[in-house]
Amino acid sequence: MSELSSNHRIAIVTGASRLNGIGAAICKELASKGVDIFFTYWSAYDMEMPWGMNSHEPSILQEMIQKYGVRCEKLEIDLSDSNSPVNLMNAVEEKLGKPSILINNAAYSVDVSYEDLSVEILTKHYQVNIQGTMLLSAEFARRFDRSGGGRIINLTSGQSLGPMAGNIAYASTKGAIDAFTLTMSAEVASKGITVNAVNPGPTDTGWMNDELKAYILTKSPMGRVGLPQDAARLVSFLASEEAEWVTGQIMHSEGGFQRG
């Protein structure tokens, strides 16, 4: 039995603060497949955003995951800190063991146009969206010592498909993840690690108002708005043994969402 199909797969999922978020859905989907979960969250960010969060949500999520019969640990950590990749990997190895799956779901996003762009705003986006993703991926790959079955899956937002006016810092920093995904996949292929990215498109995680949902529906030929479970199912596939031949791909799983 390979490491990936054993009962001891361990996944890191970053940015799982809120119960209705994509990160939480990914955690539950992987847990339902028997994967042990170590998730991170950063309450300070979500609490200052319009959607907010309840401070008990991470603990509730942990209990929900454990009901699948898997082990689950969590850590509140600021991924903009350059020390966080090493600290996080150390914590995972100490609590659960060596992980074989890394899901880079955490992101920083505030609406800002070129007129209001500043060093401070751009730095906050860069530190989480690029620095955090790249350094954690690199640390994960350096420590990976199995014969195969490694998975790195990044969450992106379709920046290559069209402009995101009014969100220039987020669009630019998340767009860099596409290039990173392709190059990283080539660098770590010899270690038995695949690297892919998932663009879930507009997804209802609590930030959409009724007016925005109605507009998105006019652009959605499938007749509904994307749900966190949609992204979670694709991520689960990419983390599975069946996806061992898929790498360096940016997958746009957004129900045919029509831009323009």
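Keep in mind it's a predicted model, so treat the numbers as computed, not measured.
A heavy-atom distance below 4.5 Å is not found between the side chains of I103 and F39. Between M251 and V246, the closest side-chain pair of non-hydrogen atoms falls below 4.5 Å. Using a 4.5 Å cut-off on side-chain heavy atoms (C-beta onward), N154 and V195 make contact. Residues Q66 and E73 fail the side-chain proximity criterion, which asks for heavy atoms closer than 4.5 Å. S100 has its side chain out of reach of H8: every pair of non-hydrogen atoms, C-beta onward, lies at least 4.5 Å apart. Residues N199 and L161 meet the side-chain proximity criterion, which asks for heavy atoms closer than 4.5 Å. Two residues are said to be in side-chain contact when any heavy atoms from C-beta on lie closer than 4.5 Å; P99 and F38 fail this criterion. With contacts defined as side-chain heavy-atom distances shorter than 4.5 Å, the pair S32/E29 qualifies.
For N83, the CG atom is densely surrounded, since the number of other residues' heavy atoms within 6.0 Å is greater than 12.
The salt bridge (Lys or Arg N to Asp or Glu O under 4.0 Å) pairs that include a residue from residues 108-121 are E120-K124, where partners are two or more places apart or lie in different chains.
With T40 contributing its side chain and G15 its backbone, the two residues share a donor-acceptor pair below 3.5 Å. Between the side chain of N105 and the backbone N or O of V13, no donor-acceptor pair lies under 3.5 Å. Judged by distance alone, the side chain of H125 and the main-chain N or O of K174 form no donor-acceptor pair under 3.5 Å. Judged purely by atom type and a 3.5 angstrom limit, R9 has no side-chain atom pairing as donor or acceptor with the backbone of I101. With hydrogens and angles ignored, the 3.5 Å screen pairs no side-chain donor or acceptor of T123 with any backbone N or O of I121. The backbone N or O of F144 sits less than 3.5 Å from a side-chain atom of K191, completing a donor-acceptor pair. Formation of a donor-acceptor pair under 3.5 Å by the E242 side chain with backbone atoms of F237 is not found in this model. With hydrogens and angles disregarded, a donor-acceptor distance shorter than 3.5 Å links the side chain of Q62 to the backbone of C72. The closest donor-acceptor contact from the side chain of N196 to the backbone of L238 lies at 3.5 Å or more, if one exists at all. The main-chain N or O of A232 is never found under 3.5 Å from a side-chain atom of S236 such that the two would form a donor-acceptor pair.
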Q. Taking it one step at a time, do E254 and D230 satisfy side-chain contact (heavy atoms from CB on, under 4.5 Å)?
A. CA-CA 9 Å; E254 45 182 25; D230 297 319; over 6 Å; no

Q: Evaluate side-chain contact (heavy atoms from CB on, under 4.5 Å) for E57 paired with S17, printing each intermediate quantity in order.
A: CA-CA 7 Å; E57 289 185 74; S17 300; over 6 Å; no

Q: Before giving the answer on side-chain contact (heavy atoms from CB on, under 4.5 Å), spell out for E94 and N90 the whole-Å C-alpha distance, their side-chain angles and the decisive distance to 0.1 Å.
A: CA-CA 6 Å; E94 178 184 345; N90 287 345; 6.0 Å; no

Q) Between R224 and K213, does a side-chain contact (heavy atoms from CB on, under 4.5 Å) hold up when you go through it step by step? A) CA-CA 9 Å; R224 67 173 176 84; K213 284 183 185 179; over 6 Å; no

Q | T133 and N104: CA distance, side-chain angles, deciding distance, side-chain hydrogen bond (donor to acceptor under 3.5 Å, both in side chains) verdict | A | CA-CA 6 Å; T133 294; N104 287 304; 4.6 Å; no

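Hydrophobic clustering (ILVMFWY, side-chain heavy atoms < 4.5 Å, transitive): L155 and I193 are in distinct clusters. Under the 4.5 Å side-chain heavy-atom criterion for Ile, Leu, Val, Met, Phe, Trp and Tyr, V235 and L227 are members of distinct hydrophobic clusters. Note on I60: it clusters hydrophobically with I22, by side-chain heavy-atom contacts below 4.5 Å among ILVMFWY residues.
Taking the salt bridge (charged side-chain N to carboxylate O under 4.0 Å, His left out) definition, one finds that R143 meets it with E93, E139, sequence neighbours left out. Partners of Q249 according to the side-chain hydrogen bond (donor to acceptor under 3.5 Å, both in side chains) rule, which considers only residues two or more places apart in sequence or in another chain, do not exist here.
In this structure, a donor-acceptor pair under 3.5 Å is present between the side chains of S157 and Y170.
Taking each heavy atom of S137 and I152 in turn, the nearest pair found is OG-CG2, 3.8 Å. Heavy atoms only, all atoms of each residue included: S80 and Q127 are closest at CB-CB, 3.6 Å. Taking all atoms of both residues into account, the shortest heavy-atom contact from F257 to S220 is CD1-OG, 4.1 Å. Scanning both residues, L79 and A106, for their nearest heavy atoms gives CD1-CB, 3.6 Å. Between A239 and L30, the shortest heavy-atom distance links the atoms CB-CD2, 4.1 Å. M184 approaches A141 most closely through the heavy-atom pair CE-CB, 4.0 Å.
One distance of note links OG1 of T14 with CG of L75; it measures 11.5 Å at 0.5 Å rounding. If you take OG1 on T203 and CD on Q229, they are separated by 10.0 Å, rounding to the nearest 0.5 Å.
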